[in-house]
Amino acid sequence: MARPSTPPPGLFTTRDVALAAALSPREFSLLLARGVAPEPLKEVPGRGGHRLFCSDGLSHAAVISGIHHAGLELLVAARLAAMLVDHYNLGQNGNLANFPDVEEASGLYYAHAYLFARPDLYSPGRSRQGDILIEIENGQTLSTGLLDFEARAYFNRGVVLSLDGLGFPPHEQGLQEKTDPVSLVFFNLSLAVRNAFDRMLQAKQGTPASSASAS
């Protein structure tokens with residue numbers, strides 16, 4: 001079987017996306033088989049049925065990986081990621097990665113490539129003002145917030161999702177006493193997406209992924 005040709009800049013193979021998002025090929029194959037993987041931009045004709053993904057697909061895969069590495073089962077993480085991607089309008093050129101604005105580039109791939117060569121504008125592996133944060137309480141409730149250095153507040157609640165049925169929890173009548181969580185998972189979703197872009201570019205350049213953690 002002929003190997004697929006190298007995709008043009010800004011398009012990525014299934015293997016590229018899996019490795020950049022810190023997912024194993026087997027995990028990504030499971031997502032594809034269950035119909036919960038990021039939607040490919042197109043499929044390349046041929047016996048292999050190779051898929052190509054754009055920057056939105058890479059971002060989506062990084063969201064799945066970030067939630068999965070926070071401790072949730074892979075398919076549950078994929079369903080949650082789809083809801084978050086839809087909420088943040090990732091398919092509408094949404095900047096889930098929270099990259100700085102770059103006038104010299106169009107699209108996340110080119111913006112990241114430009115920023116990666118500008119240490120005065122971009123610091124790989126570091127949090128940024130306005131990053132999207134995720135908090136999972138007792139393995140049952142997922143909340144989102146925005147990182148705010150100026151207010152010295154690391155979490156301001158936004159979207160709240162119930163992991164029981166993967167929907168928005170119902171509004172309770174009256175005041176409910178708040179109890180302390182037994183378990184609390186907290187991670188930076190925007191940073192997880194930026195790390196995936198860093199890994200992708202470093203792999204293409206053949207440089208070590210120094211800033212790329214597992215999420």
Side-chain angles (χ1 to χ4, degrees), residues 12 16-24 27-28 38 53-72 74 77-78 80-90 93-102 105 107-137 142-161 184-205 207-215:
F12 318 110
D16 291 336
V17 172
L19 292 178
L23 292 168
S24 71
E27 288 173 328
F28 204 82
F53 299 83
C54 64
S55 295
D56 287 344
L58 175 58
S59 298
H60 189 161
V63 175
I64 295 173
S65 178
I67 297 173
H68 175 52
H69 285 105
L72 294 187
L74 180 62
L80 277 171
M83 298 178 72
L84 291 172
V85 164
D86 180 67
H87 175 77
Y88 288 107
N89 296 316
L90 183 56
N93 295 316
N95 188 359
L96 191 61
N98 191 29
F99 285 128
D101 292 333
V102 177
L108 293 184
Y109 174 80
Y110 292 101
H112 173 259
Y114 174 83
L115 289 166
F116 200 76
R118 292 288 304 273
D120 57 320
L121 297 177
Y122 177 63
S123 299
R126 301 296 300 272
S127 298
R128 283 178 41 80
Q129 176 81 6
D131 278 355
I132 298 172
L133 307 178
I134 299 293
E135 181 186 73
I136 300 175
E137 183 176 321
L142 180 148
S143 303
T144 69
L146 296 179
L147 180 59
D148 189 347
F149 290 121
E150 296 175 357
R152 306 183 69 86
Y154 284 86
F155 204 85
N156 294 316
R157 271 175 169 72
V159 179
V160 178
L161 296 172
L184 192 65
V185 177
F186 174 85
F187 65 100
N188 186 324
L189 192 58
S190 294
L191 181 57
V193 176
R194 291 198 298 274
N195 283 347
F197 276 89
D198 292 346
R199 279 188 290 262
M200 177 68 72
L201 188 58
Q202 288 165 334
K204 290 184 178 297
Q205 294 177 343
T207 56
S210 58
S211 70
S213 62
S215 58

Is there side-chain contact between L146 and L133, with heavy atoms separated by less than 4.5 Å?
no
Under the rule for side chain to side chain contact (heavy atoms under 4.5 Å, CB included), what residues qualify as partners of A81, not counting sequence neighbours?
H60, V63, I64, I67
By ring-ring contact (aromatic ring centres under 6.0 Å, His included), which residues pair with Y122, not counting sequence neighbours?
F99, H112
Answer whether the closest heavy-atom distance between the side chains of I134 and L84 falls below 4.5 Å.
yes
So, do L108 and L58 sit near enough that their side-chain heavy atoms are less than 4.5 Å apart?
no
Between P124 and D198, what is the shortest heavy-atom contact and its length?
CB-OD2, 3.5 Å
If we only count heavy atoms from C-beta on, is the Q129 to D148 side-chain gap below 4.5 Å?
yes
Looking at CD1 of I132 and CG of L96, how far apart are the two atoms once the value is rounded to the nearest 0.5 Å?
4.5 Å
Can you sort out the partners of L19 under side chain to side chain contact (heavy atoms under 4.5 Å, CB included), two or more places apart, ordered by chain and number?
R15
Applying side chain to side chain donor-acceptor pair (under 3.5 Å) to S127 and not counting sequence neighbours gives N188
Run F53 and D16 through side-chain contact (heavy atoms from CB on, under 4.5 Å) and show every step you take.
CA-CA 9 Å; F53 299 83; D16 291 336; over 6 Å; no
Nearest atoms (heavy-atom pairs only) where L201 meets A113
CD2-CA, 4.2 Å
Please name all residues satisfying ring-ring contact (aromatic ring centres under 6.0 Å, His included) with F12, sequence neighbours left out, ordered by chain then number.
Y109
Out of curiosity, D101 CG to L121 CG, how far, rounded to the nearest 0.5 Å?
11.0 Å
Work out which heavy atom in A20 is nearest to a heavy atom in M200; give both atom names and the distance.
CB-CE, 3.7 Å
Any side-chain heavy atom of P38 sitting closer than 4.5 Å to one from F28?
yes
Can you pull the salt bridge (charged side-chain N to carboxylate O under 4.0 Å, His left out) pairs that have at least one residue in residues 122-131, sequence neighbours excluded?
D131-R194
Closest non-hydrogen atom pair, S59 against V193
OG-CG1, 3.6 Å
How far apart are the closest heavy atoms of A21 and S65, and which atoms are they?
O-OG, 2.5 Å
